[in-house]
Amino acid sequence: MTYSDTIGVMDSGVGGLTVLSELVKVLPSSKYIYLGDTKNLPYGSKTKDEILFFNRNILNFFLTLGVKDIAIACNTTSALTYEDLKKEFTPKGLRIFPLIQSAAYAAAQGLEAGDCICVLSTVATAKSGKYANEIHKANPCLKVCEIPCPGFVEIVENRLYDTQESKKLIEEKMNIVLENKAKRVILGCTHYPYLLDMFSKYVPREIFFNPAGSLAKSICSVIKNTDDIGDIDFYVTGDPCEFKKSAKLFFDIKKEVKKVEMPQFNLV
Ligand code: DGL
């Protein structure tokens, strides 16, 4: 089977499925390969070198299959390593679509000078300041408050929605959003749409912004729908059963999730 007309979608885990679900809405006829690097998550507490190593392995995996278009369904990758990946893999024929860069302009629309946008994200994304940079390119008069949320990815991947600890962690971060009187809150990690019901117990649901729709739109502007029947293949680097269970909120995966081996970081 050749994958040259297939879109590769990557994330550290089930988070990128929130992007895949938007892609499938606008490009239902496309074929997709989803890769969740579950063995190496969470990316958000790793160094740039580690994340780049993981990302390179994933893009090489897609290259080997013959995939040409890649959706980076991971904010941490978009923030830290996208520029390096673009430099290295564009000459090899890959077309790479990053998340933050596709979404920041849309996220800044409809707000006034001095309004505050809060960005919930992994520690690595918050530290990079990428959201603030990109939003300020669209509107330099907005206040951007980047809020690192360590532990949120683990809540989703390990399905810890009902524990007291998870609820406390989320309440703490939502209080920061309320203190900042945010007019908009960006779900700056693709895992966070899984937590939206919990977030909206504290903060009105309508002010949350999910960047996934913007990435899907930017891909849709260059890839056209056909009469084909779409399809998705799922791959993970960790446990396929756990992935299926944690994915449930966005995809009830009936087919086999395949396991793929990637090189270890410490062997470099
Ligand atoms: N879902 C990814 C993101 O958007 C990565 C989360 C993680 O593994 O820490 O940043």
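Residue indices begin at 1 and follow the sequence shown.
When each of Phe53, Phe265, Phe54 is tested with Tyr43 by the rule ring-ring contact (aromatic ring centres under 6.0 Å, His included), just one qualifies, namely Phe54. Considering Ile147, Ile186, Asn75 as possible partners of Leu120, the one that fulfils the side-chain contact (heavy atoms from CB on, under 4.5 Å) test is Ile147.
Taking the six-membered ring where the residue is Trp, the centroids of Phe152 and Phe199 are separated by under 6.0 Å. Checked against a 6.0 Å centroid threshold, the rings of Tyr235 and Phe61 count as neighbours.
Considering only heavy atoms from C-beta on, Thr38 stays 4.5 Å or farther from Val14 through its side chain. Contact annotation: the side chain of Asp11 never approaches that of Thr77 to less than 4.5 Å [non-hydrogen atoms, C-beta and beyond]. Inter-residue side-chain proximity for Thr237 and Glu261 is flagged as unmet; no heavy-atom pair is nearer than 4.5 Å.
Remark: the Thr125 side chain and the Thr76 side chain contain an N/O donor-acceptor pair separated by less than 3.5 Å. The closest side-chain donor-acceptor pair between Asn40 and Asp37 falls under 3.5 angstrom. In this model, a donor atom of one side chain and an acceptor atom of the other lie less than 3.5 Å apart for Asn55 and Thr81.
Judged by distance alone, with hydrogens and angles left aside, the side-chain atoms of Arg184 form a donor-acceptor pair with the main-chain N or O of Gln109 at under 3.5 Å. The closest donor-acceptor contact from the side chain of Asp252 to the backbone of Lys248 lies at 3.5 Å or more, if one exists at all. Proximity of a side-chain donor or acceptor of Ser200 to a complementary backbone N or O of Val203 within less than 3.5 Å is not detected. Between the side chain of Lys244 and the main chain of Lys255, a donor-acceptor pair closer than 3.5 Å is present. Ser121 places no side-chain N or O within 3.5 Å of a backbone atom of Gly188 that could act as its donor or acceptor partner. Counting only distance, with no hydrogens or angles, the side chain of Tyr131 and the backbone of Ala79 share no donor-acceptor pair below 3.5 Å.
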Could you pull out all donor-acceptor pairs under 3.5 Å where a side-chain atom in residues 168-177 meets a protein atom, sequence neighbours excluded?
residue	atom	partner	partner atom	Å
Lys173	NZ	Pro148	O	2.9
Asn175	ND2	Glu171	O	3.4

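Lys39 NZ: more than 12 foreign heavy atoms inside a 6.0 Å radius.
Among residues two or more places apart in sequence or in another chain, the salt bridge (Lys or Arg N to Asp or Glu O under 4.0 Å) test is passed with Asp239 by none.
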Query - Derivation of the salt bridge (Lys or Arg N to Asp or Glu O under 4.0 Å) call for Asp69 and Arg95 - result: CA-CA 5 Å; Asp69 290 307; Arg95 193 159 52 164; 2.6 Å; yes
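Between Glu134 and Ala104, the shortest heavy-atom contact is CB-CB, 3.4 Å.
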